[in-house]
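So the structure is just underneath, and the comments pick up after that.
In what follows, every chain begins at residue 1, and chains take the letters A, B, ... in the order their sequences are listed.
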Amino acid sequence: MSLELAKRYEPKEFEQKLYEFWERGEFFTPMAYRERPKFSIVIPPPNVTGRLHIGHALVNTLQDIVVRWKRMSGFNTLWLPGTDHAGIATQMVVDRELTKQGISRFDLGREKFEERVWQWKEQYGNEIIDQLKRLGSSADWTRLRFTMDEGLSRAVRHVFVTLYNDGLIYRDLAMINWCPNCRTAISDVEVEFREQNGKLYTIEYPVVGSDRRLSVATTRPETMLGDTAVAVHPEDDRYKNLIGGEVLLPIANRRIPIIGDAILVDPEFGTGVVKVTPAHDKNDYETGQRHHLSQIQVIDETGHMSDEAGPEFKGLDRFEARKKILAQLKEQGLLAEAKDYTNSIGVHGKCDTIIEPMISRQWFVKIEPLAKPAVDVVRNGGVQILPQTWEATYFNWMENIHDWTISRQLWWGHRIPAFYCSNGHMTVSETDPVSCPQCGSTEMRQETDVLDTWFSSALWPFSTMGWPDNTPDYQNFYPTDVLITGFDILFFWVARMIMMGLRFTDKAPFSTVFLNGLVRDEFGQKMSKTKGNVIDPLDVIDEFGADAVRFTLAIFASGRDIPLARTRMQGYAAFANKIWNASRFAMMHVDTDLKSAKAINRDSLRTVERWILSRLNDTTRSVNKALSAFRFDEASNLIYHFFWHEFCDWYIEMAKPVLLGKHGSEGDQHQAKRVLLEVLDRSLRLLHPFMPFITEEIWQKLGGVEPSIMVAPYPIAEDVLEDSEAERLMTAVKALITAVRNARAERGFTPKDRFKVYLRADKSREANFFTEYGYLIIELARLSELVVNAEAPEGAQQDVIEGFPIAIEFPEKVVTREQLERTQREIEKTRAELQATEARLANEQFVANAPPAVVETTRARHAELVARLEKLEQNQ
RNA sequence: GCGGGGUUAGCUCAGCGGUAGAGCAUCUGCCUUACACGCAGGGGGUCACUGGUUCGAAACCAGUACCCCGCACCA
């Protein structure tokens with residue numbers, strides 16, 4: 001029989017077809033039976049608004065590699081997928097849609113708006129799922145979850161109520177980060193600090209009852225309307241006698257006290273006088289608390305000046321107000337200075353609006369009691385964070401953590417389960433109360449605020465498994481094994497999952513976290529639309545195929561940032577092409593498919609076959625080891641190197657004389673064909689997690705027993721395949737061939753010129769080996785003859801290769817200058833190394849202290865160098 | 001200010017105590033009947049700097065310089 005493969009590698013021809021085949025075959029769904037150990041992983045749910053970007057491609061490729069590897073390795077494997085409702089992001093998208101239609105969400109009202117968002121979600125929310133499929137993700141789509149599913153919402157409510165009853169959720173008036181654009185509170189981690197070139201203004205405040213003026217510096221003059229004090233350091237001799245006095249606040253024309261505060265004021269900084277605006281600055285707020293200052297809110301929720309700012313400013317945008325205030329101060333001669341100043345300013349990461357610190361009544365999670373166990377579990381190894389260096393960052397954050405602001409003034413999200421009756425009593429309840437438990441009032445209104453999206457994400461590993469019910473999935477698959485995600489959501493998500501998991505399930509939600517780096521461009525620059533260096537994964541999948549894209553991402557994924565370039569993908573598309581063609585070659589020659597292939601009789605195998613099996617076995621061992629350590633880069637590199645540079649470059653070439661019937665017996669040919677099939681089969685299985693499509697396409701043509709390569713067993717190393725003798729001999733053969741090719745090129749001969757080579761092998765076993773495999777060396781090094789253990793003629797070029805002295809007899813004595821220089825260089829290099837080796841061996845300390853094995857190899861190396869130098873010197 | 005990372009071939013990186021590596025780029029030959037998305041061969045590195053530990057350091061320790069990333073602060 002003969003097998004066949006299309007002449008060209010065209011990923012588009014089969015990628016989609018195979019994905020449909022996998023889905024139809026339900027290969028992504030874990031088995032119902034439980035004899036197998038389980039392996040589970042939950043996806044970092046992409047936003048429903050999301051479109052697949054290269055970061056998603058990376059995270060999902062890595063997850064898929066692990067999942068396919070584990071599944072093939074015999075684990076009952078679940079990769080649970082889903083999407084996140086992404087409160088603000090989604091609300092923004094739908095808002096924008098409405099704006100296009102000329103309406104606002106306020107025209108619709110809350111209920112109608114929510115309906116619209118749900119509609120939108122149904123229509124577009126799964127686009128990213130289809131894109132994940134193109135990448136080859138083998139997630140169990142039958143278990144697809146959404147953070148606002150009924151089940152997940154129930155989990156959210158249960159957690160909220162429990163934490164409230166435990167006193168870990170509270171509602172209070174506090175200074176929070178307010179986004180005037182989104183008109184909601186946000187948490188600390190959602191504020192991004194950006195360097196900005198601005199101005200530092202110095203304003204003069206006249207001291208009441210004196211001619212003196214106090215100079216205060218500020219970057220935000222508009223907040224002065226809300227000043228309720230100025231502060232100096234209590235021990236600052238310049239000002240301490242003024243403490244207790246007052247200044248006249250310009251423009252507002254209010255008298256405000258001069259206070260002494262050692263915490264707020266650094267006498268060395270600026271003028272040593274600070275204006276205090278308790279309603280619009282975090283530090284000032286705290287100062288205000290210490291000194292019982294009143295709070296005047298001069299900026300409202302929309303970022304405009306409030307009633308309190310006075311009729312002249314009311315309604316002005318906060319930055320317009322700044323200009324106006326500066327103009328007035330200038331007019332009054334109270335603006336002393338305006339100098340350039342760079343500082344970082346907090347903006348809302350989602351919309352880039354400058355955050356306004358505001359005093360507001362919000363809901364908070366008291367975080368310390370949750371953080372402590374989450375620190376311990378990492379410290380004692382219950383959760384391992386990889387690369388390990390992230391643990392320090394984790395601890396640093398967790399140990400300085402602040403209460404988490406969880407309420408959002410949005411319409412899209414989990415509505416907080418707090419209910420207020422007409423008499424102002426509050427009830428927090430898992431089920432909607434019909435009447436007030438305190439006064440019996442039946443007029444109950446639910447809290448309008450919704451929860452931070454990350455609140456529901458924090459429950460993801462167990463809420464998706466059916467928790468709080470004790471469902472089969474929860475029993476079988478929780479806790480999960482690994483979490484693979486970007487380092488950028490370590491605080492947002494990973495830390496919070498650990499906290500919630502420990503609190504509610506008594507278990508860490510996963511035992512290992514692998515944090516991958518940021519995908520950057522080839523020069524290490526962040527990808528951004530403005531720079532125009534963005535790589536769209538869907539584009540490159542179209543161009544190079546999903547396998548090449550995946551492989552490129554994997555081979556760079558060491559945990560650090562990934563410098564990605566299209567040329568690299570091109571390179572790994574070439575690798576896919578190589579696999580295709582090598583498989584094509586193999587199929588032209590094998591005489592059986594996998595199903596009917598008989599077991600290999602190892603006893604009668606020739607050295608070449610034993611060698612490639614040994615190499616493959618070694619690669620197999622290393623790949624499994626690398627994958628266990630999440631070294632995707634190493635694992636993919638190993639396979640790449642084995643397949644291309646050992647299997648294709650050497651083994652296939654070496655097998656050709658036998659395969660083509662030019663050498664050896666029929667039995668030899670049969671064995672070579674069998675081993676060719678074996679190596680191809682194992683290589684494909686080894687490679688499958690990285691390149692699922694091409695390996696499936698080829699493997700199916702090879703006729704495996706299993707319906708799909710994705711459920712065929714992953715290769716594991718077998719000691720019987722190890723053969724150090726074969727490896728040693730073949731290393732020598734390869735080196736010998738390379739040496740001859742090298743000499744040929746150096747002397748300007750063409751591949752058509754053939755030479756006679758003399759080789760010396762003292763042990764009879766080795767002599768026999770070289771005699772038997774002489775044909776191979778003759779073929780690949782293009783010799784006229786290989787003579788074993790005969791005297792080489794005068795003038796032949798001598799060398800020692802892997803311990804075997806050789807001599808190459810060229811047809812005529814052509815010695816180029818290049819050749820002489822090269823010989824000279826080689827001699828010098830050998831001399832230098834010889835000298836170093838001698839020095840080391842002469843060092844008594846070395847001989848005494850170094851491990852015996854190291855001394856032994858050094859001695860052997862020394863002997864080799866001596867022999868080689870002797871031969872090389874004869875070439876001069 | 002606190003914490004973390006980096007500096008190895010032209011580029012991007014791996015190696016992290018025992019003879020300097022990979023991919024890409026580059027140079028030289030080859031259309032050798034699986035593959036020119038290919039084959040073969042070559043060139044290219046005082047492993048940032050200074051000390052220390054060690055028989056032995058690119059690797060371990062200390063310091064210096066430059067770069068990057070978190071967190072906090074920024075009147």
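Here B/G1 presents its P atom at 15 Å from CZ of A/F269, a figure rounded to the nearest Å.
Taking atom C1' on both nucleotides, B/A57 is separated from B/C49 by 15 Å, rounded to a whole Å. Only the P atoms considered, B/A22 is 16 Å distant from B/A14, to the nearest whole Å. Straight-line distance between the P atoms of B/G18 and B/C24: roughly 27 Å, to the nearest whole Å. Across B/U7 and B/A48, the matching C1' atoms stand 6 Å from one another, rounded to whole Å. Taking atom P on both nucleotides, B/A9 is separated from B/G1 by 32 Å, rounded to a whole Å. B/U50 and B/U8: their P atoms are spaced 16 Å apart (whole Å).
Ion pairing of A/E222 with A/R220 is present here, as a side-chain N (NZ or NE/NH1/NH2) and a carboxylate O approach within less than 4.0 Å. Here A/K656 pairs with A/E653 in a salt bridge; the nearest charged N to carboxylate O distance falls below 4.0 Å. Salt-bridge annotation for A/R379 and A/E399: present, with a side-chain N of the basic residue lying under 4.0 Å from a carboxylate O of the acidic one. Remark: A/R831 does not engage A/E828 in a salt bridge, criterion side-chain N to carboxylate O under 4.0 Å. A salt bridge links A/E192 with A/R194; the closest basic N to acidic carboxylate O contact falls under 4.0 Å. Ion pairing between a basic and an acidic side chain is recognised when a charged N comes within 4.0 Å of a carboxylate O; A/E13 and A/R8 show no such pairing.
Listed nucleotides: B/A22, B/G3, B/G5. Nearest to the side chain of A/N637: B/A22. With distances taken from any side-chain atom of A/A850 to the nucleotides B/G3, B/C74, B/G18, the minimum falls on B/G18. Comparing B/U19, B/U12, B/C74 by their closest approach to the side chain of A/S344 singles out B/C74.
Using a 4.0 Å heavy-atom criterion, one finds that A/F487 contacts no nucleic acid atom at all. A/N400 comes within contact range of no nucleotide atom at all, as no heavy-atom separation falls under 4.0 Å. Within the nucleic acid shown, A/A392 comes within 4.0 Å of sugar-phosphate atoms alone, with no base atom in reach, counting heavy atoms only.
Ring-centre distance between A/F514 and A/F632: below the 6.0 Å cut-off. Between A/W390 and A/Y394, the distance from one ring center to the other does not fall under 6.0 angstrom. Ring pair A/F544/A/Y572: centre-to-centre distance not below 6.0 Å.
Inspection of the A/D266 and A/H233 side chains reveals no N or O donor paired with an N or O acceptor under 3.5 Å.
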### Task
Assign a letter to each nucleotide of nucleotides 31-48 of chain B from its 5' end: B, base within under 4.0 Å of a protein heavy atom; S, sugar-phosphate only; -, no contact.
---BB-BSSSSSS-----
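For A/T567 and B/C24, a side-chain-to-base donor-acceptor distance below 3.5 Å is absent, hydrogens and geometry of angles not being considered. Scanning atom types as modelled, no donor and acceptor separated by under 3.5 angstrom connect the side chain of A/T393 and the base of B/C69.
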## Note on the structure
A correct dot-bracket answer for RNA chain B, with pairs being Watson-Crick or G-U at under 3.5 Å, [ ] for crossing pairs and | for inter-strand pairs, is ((((((((.[[[[.)..(..]]]].(((((.......))))).....[[[[[..)....]]]]])))))))....
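Each of A/L200 and A/R631 lies near RNA chain B, and the nucleotide nearest A/R631 is the one positioned closer to the 5' end.
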